Amino acid sequence: DMIDTFIQGDTDEYRNNVLNQEVYNHESTQIYLSGVIFSLNSLINDYNGDIAALKYDTNNTRDRKEHPFVEKLEELKIFEPVYNSEWDKVNGFAFCLHGLWGNKVEVTSFIIDDIKKTYTGFLKVTLYDHFGLDYNDLTGYVALHDGFLSWYYLQHSDKFNKQYKPFITMIELTVSYTGHVLWE
């Protein structure tokens, strides 16, 4: 489906529910999501349940790297998932998602149960990659070298009037979280 989308050349963003589910089930993604939830729960309690204090405001002058959530992820060494194992190369993950360009974590709901002293909610986690090649990508797949050279040529040659342009792959995951209220 990704190759067909590339050949059609008619989109800037690619979404696929099957890919979302496969990424969600991947061990590297599960490790990442567990770390994200652990970090969020830690900060929810650090901020006494004031989830609004964790909002990232692009108009704020604070540098993204200084945001408490980003700092917590770095402190705990929680990094984006990677899909580059030998099995990922065989099953196509490394081809579809060679290296993520970024991510976004959004709290879409947050409910406190004062009686049970718990909270629950949902996160929307978006992972971004691009389905395209740059020069460095040509050296990583020697066995597929001719195919990658052709892909690179299609993408970068002026002859095709940018018909075979790269697109952003958007992996969108919805994840539940729960925790215990540790504040009074």
Side-chain angles (χ1 to χ4, degrees), residues 1-2 12-131 167-184:
D1 189 52
M2 290 179 90
D12 293 328
E13 294 181 353
Y14 174 82
R15 290 174 171 81
N16 182 293
N17 290 331
V18 173
L19 183 59
N20 286 348
Q21 190 61 48
E22 292 296 321
V23 168
Y24 177 80
N25 291 332
H26 195 281
E27 178 183 17
S28 184
T29 306
Q30 286 298 308
I31 291 167
Y32 170 72
L33 293 175
S34 293
V36 165
I37 291 168
F38 181 86
S39 300
L40 178 65
N41 284 338
S42 176
L43 289 169
I44 287 172
N45 279 299
D46 288 352
Y47 285 86
N48 298 320
D50 181 10
I51 197 82
L54 297 177
K55 181 176 175 151
Y56 178 70
D57 182 0
T58 56
N59 295 323
N60 190 336
T61 57
R62 183 194 312 181
D63 183 19
R64 181 180 181 274
K65 289 187 179 239
E66 294 175 2
H67 188 275
F69 188 67
V70 174
E71 287 179 338
K72 181 63 78 174
L73 291 173
E74 288 180 5
E75 171 191 328
L76 297 174
K77 299 188 182 339
I78 307 299
F79 304 110
E80 294 175 333
V82 293
Y83 310 104
N84 61 3
S85 71
E86 288 305 312
W87 177 241
D88 291 335
K89 291 175 185 173
V90 171
N91 70 18
F93 258 94
F95 181 76
C96 293
L97 300 170
H98 177 256
L100 297 176
W101 272 23
N103 60 39
K104 183 160 86 173
V105 177
E106 301 169 87
V107 175
T108 58
S109 70
F110 178 67
I111 301 167
I112 299 174
D113 184 330
D114 288 327
I115 296 170
K116 293 181 182 177
K117 296 291 186 191
T118 61
Y119 56 86
T120 59
F122 287 95
L123 299 175
K124 178 180 179 186
V125 178
T126 307
L127 305 174
Y128 303 91
D129 189 20
H130 75 96
F131 193 74
F167 51 81
I168 304 298
T169 303
M170 311 275 291
I171 307 297
E172 298 169 319
L173 310 172
T174 300
V175 183
S176 65
Y177 66 94
T178 186
H180 296 282
V181 172
L182 300 179
W183 66 88
E184 291 299 322

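Remember, it's a predicted structure, so these values are computed and weren't measured experimentally. All values below were derived from every heavy atom in this structure, side-chain atoms included, with hydrogens, water molecules and symmetry-related copies excluded.
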Side-chain contact, heavy-atom cut-off 4.5 Å: Ile168 with Asp12?
-> no

Got a sec, which pairs hit salt bridge (Lys or Arg N to Asp or Glu O under 4.0 Å) with one end in residues 15-35, sequence neighbours left out?
-> Glu13-Arg15, Arg15-Glu172

Counterpart residues, side-chain contact (heavy atoms from CB on, under 4.5 Å), relative to Glu71 (two or more places apart) | Glu66

In chain order, what residues pass the side chain to side chain donor-acceptor pair (under 3.5 Å) check against Ser42, with sequence neighbours excluded?
-> Lys72

Does the side chain of Val107 come within less than 4.5 Å of Leu54's, by heavy atoms?
-> no

Walk me through it: do Thr174 and Tyr24 pass the test side chain to side chain contact (heavy atoms under 4.5 Å, CB included)?
-> CA-CA 9 Å; Thr174 300; Tyr24 177 80; over 6 Å; no

Give the table of side-chain donor-acceptor pairs shorter than 3.5 Å for residues 78-85, with sequence neighbours excluded, one pair per line with atom names and distance.
{"unit_1": "Glu80", "atom_1": "OE2", "unit_2": "Asn103", "atom_2": "ND2", "d": "3.1"}
{"unit_1": "Tyr83", "atom_1": "OH", "unit_2": "Thr29", "atom_2": "OG1", "d": "2.6"}
{"unit_1": "Ser85", "atom_1": "OG", "unit_2": "Trp87", "atom_2": "N", "d": "3.4"}
{"unit_1": "Ser85", "atom_1": "OG", "unit_2": "Asp88", "atom_2": "N", "d": "3.1"}
{"unit_1": "Ser85", "atom_1": "OG", "unit_2": "Asp88", "atom_2": "OD2", "d": "3.2"}

Answer whether the closest heavy-atom distance between the side chains of Phe69 and Val36 falls below 4.5 Å.
-> yes

Throw together a table of side-chain donor-acceptor distances under 3.5 angstrom for residues 110-122, partners on residues two or more places apart or in other chains.
{"unit_1": "Asp113", "atom_1": "OD1", "unit_2": "Ile115", "atom_2": "N", "d": "3.0"}
{"unit_1": "Asp113", "atom_1": "OD1", "unit_2": "Lys116", "atom_2": "N", "d": "3.0"}
{"unit_1": "Tyr119", "atom_1": "OH", "unit_2": "Asn41", "atom_2": "OD1", "d": "2.9"}

Output for pair (Leu19 CG, Thr169 OG1), nearest 0.5 Å, gives 7.0 Å

Donor-acceptor under 3.5 Å (Glu106 side chain, Leu123 main chain) = no

List in chain and number order the residues that pass side chain to side chain donor-acceptor pair (under 3.5 Å) with Gln21, two or more places apart in sequence or in another chain; answer none if no residue qualifies.
-> Asn25

Gap between atom NE2 of His26 and atom CG of Leu33 - 0.5 Å precision | 12.5 Å

Could I get the full list of ring pair (Phe, Tyr, Trp, His ring centres under 6.0 Å) partners for Tyr14, not counting sequence neighbours?
-> Phe167

Taking only residues two or more places apart in sequence or in another chain, which ones pass side chain to side chain donor-acceptor pair (under 3.5 Å) with Trp101?
-> His130

Show your reasoning for whether side chain to side chain contact (heavy atoms under 4.5 Å, CB included) applies to Ile51 and Leu40.
-> CA-CA 9 Å; Ile51 197 82; Leu40 178 65; 4.3 Å; yes

